[in-house]
Amino acid sequence: FPEHRDALSGRLQALTYLMRHPDAIASATRVLDLGTWHIGDAYYWRAWNRYHLKEYETAWSDVENATKGISNARVYMLAGLIAYARTELAIAVQRFDRAYEIDSSACDALWMSGLVSIDQTQLATAGPKFTKAMTCFISVAASLRQTRAQVEKQIATRGKPATERETRQMDRFTRDADNAEEKSAQSAFNAAQCYARTGGKGMALNLIDVAIAHPKMKEKAEAMKAAIEKLPQ
């Protein structure tokens, strides 16, 4: 059934995850040519693949079309990334902020919005964004660890060993939680830098202590703290 839309959409996503970008783009185009169903998703995935091929102009056109059919954090996050690649910084900030408005767990959107604000030399704006990103990543990490604990409890109640799928799932929860905690510490570090450079020494010192608490950030953050402490009040 060459016009089976669900199958074509599934194939498109599978090709995307395999990083077979030209094939994925061809599948997305086929879905769009057929019309009616999965239009927004087809534009989104074609934009995603074109973005990774650095075809930013056509990727931008696709992601703008995608927002007409779907309105979720992932499509606005991608739009922000494409706008950033096109050095459309003001538009990138708008798209990243919209992604976070839609989904308060879209911590990476806040992170990217902060980075763009730094590129715009708007440090007074970037500092609060990274501070908010710090708490966002902490919340996500806690949620992931709680979900893992629930799976472990279910396995223990069942009285049978974890299946291979459950083991992979728990490993993913742990890995994602670890990454979120590290990103939280990095956010605290970035926020501290911004506050230190805009006269907020006290806030900067509080934030840098959060970064110091993470083992991967400890050495770098301690050096930053020493520099902040030398700043005038």
Side-chain angles (χ1 to χ4, degrees), residues 1 4-21 23-24 27-28 31 37-38 40-42 44-49 51-52 66 70-78 80-81 96 99-112 114 130-191 209-221:
F1 298 95
H4 194 300
R5 266 76 159 187
D6 289 340
L8 286 169
S9 181
R11 183 175 188 275
L12 160 59
Q13 293 180 50
L15 288 167
T16 299
Y17 296 140
L18 290 169
M19 308 300 281
R20 289 170 55 183
H21 303 305
D23 292 335
S27 287
V31 173
W37 307 110
H38 302 297
D41 281 338
Y44 169 81
W45 289 113
R46 193 166 73 172
W48 194 95
N49 282 280
Y51 168 71
H52 283 272
I70 48 180
S71 181
N72 56 33
R74 68 173 187 172
V75 71
Y76 282 101
M77 178 68 181
L78 178 60
L81 291 171
F96 290 135
Y100 181 71
E101 287 173 5
I102 294 172
D103 181 1
S104 61
S105 68
C107 311
D108 283 321
L110 263 180
W111 166 274
M112 286 301 304
F130 282 119
T131 304
K132 193 179 291 186
M134 174 190 72
T135 57
C136 180
F137 282 117
I138 289 173
S139 177
V140 167
S143 178
L144 287 164
R145 296 201 187 282
Q146 182 180 15
T147 302
R148 181 197 162 104
Q150 290 171 348
V151 174
E152 288 179 322
K153 184 177 180 180
Q154 292 171 357
I155 293 169
T157 302
R158 187 178 66 208
K160 294 181 180 179
T163 64
E164 183 179 345
R165 178 178 177 276
E166 288 170 333
T167 299
R168 288 199 307 269
Q169 187 181 50
M170 289 189 293
D171 288 345
R172 187 178 72 251
F173 288 146
T174 298
R175 182 176 62 253
D176 290 348
D178 288 344
N179 290 338
E181 287 172 352
E182 182 177 355
K183 207 69 175 287
S184 176
Q186 292 173 342
S187 298
F189 182 89
N190 289 353
D209 283 339
V210 176
I212 288 171
H214 194 282
K216 289 188 177 181
M217 295 294 297
K218 182 177 173 61
E219 184 177 351
K220 183 179 179 181

| task | Answer yes or no: does atom CZ of Arg165 have more than 12 heavy-atom neighbours from other residues, nucleotides or ligands under 6.0 Å? | result | no
What heavy-atom pair brings [X] and [Y] nearest, and what distance separates the two atoms?
X      : Y      : answer
Ile138 : Ser184 : CG1-OG, 3.0 Å
Ile102 : Ser71  : CD1-OG, 4.0 Å
Ala73  : Ala106 : CB-CB, 4.3 Å
Ala66  : Gly40  : CB-O, 3.7 Å
Thr135 : Lys132 : OG1-O, 2.8 Å

Working to the nearest 0.5 angstrom, can you tell me the gap between [X] [atom1] and [Y] [atom2]?
X      : Y      : atom1 : atom2 : value
Arg148 : Ser143 : CZ    : OG    : 14.5 Å
Phe173 : Asp178 : CZ    : CG    : 13.5 Å
Phe130 : Phe137 : CZ    : CZ    : 9.5 Å
Leu81  : Met77  : CG    : CE    : 4.5 Å
Met112 : Cys107 : CE    : SG    : 14.0 Å
Met134 : Phe189 : CE    : CZ    : 14.5 Å

Considering residues at least two apart in sequence or located in another chain, which fulfil the side chain to side chain contact (heavy atoms under 4.5 Å, CB included) criterion with [X]?
X      : answer
Ala42  : Val31, Leu32
Ala162 : Ile155, Glu166, Thr167, Met170
Ser139 : none
Ser9   : Gln13, His38

Flag side-chain contact, heavy atom, 4.5 Å: [X] against [Y]:
X      : Y      : result
Asp176 : Arg172 : yes
Trp111 : Cys136 : no
Phe96  : Leu110 : no
Val75  : Leu78  : no
Gln169 : Glu164 : no

Look at the side chain of [X] and the backbone N and O of [Y], then say whether any donor-acceptor pair between them is shorter than 3.5 Å.
X      : Y      : result
Ser27  : Leu12  : no
Ser187 : Lys183 : yes
Asp209 : Ile212 : no

- Hey, can you tell me if His21 and Trp48 have their rings parallel, tilted or perpendicular (30° and 60° cut-offs)? tilted
Q.
I'd like to know if Asp41 and Arg5 make a salt bridge, using a cut-off of under 4.0 Å between side-chain N and carboxylate O.
A. no
Less than 4.0 Å between a side-chain N and a carboxylate O, is that true for Glu181 and Arg145? yes
Those residues at least two apart in sequence (or on a different chain) that pass side chain to side chain donor-acceptor pair (under 3.5 Å) with Arg20 are Asp23
Those residues at least two apart in sequence (or on a different chain) that pass side chain to side chain donor-acceptor pair (under 3.5 Å) with Gln186 are none
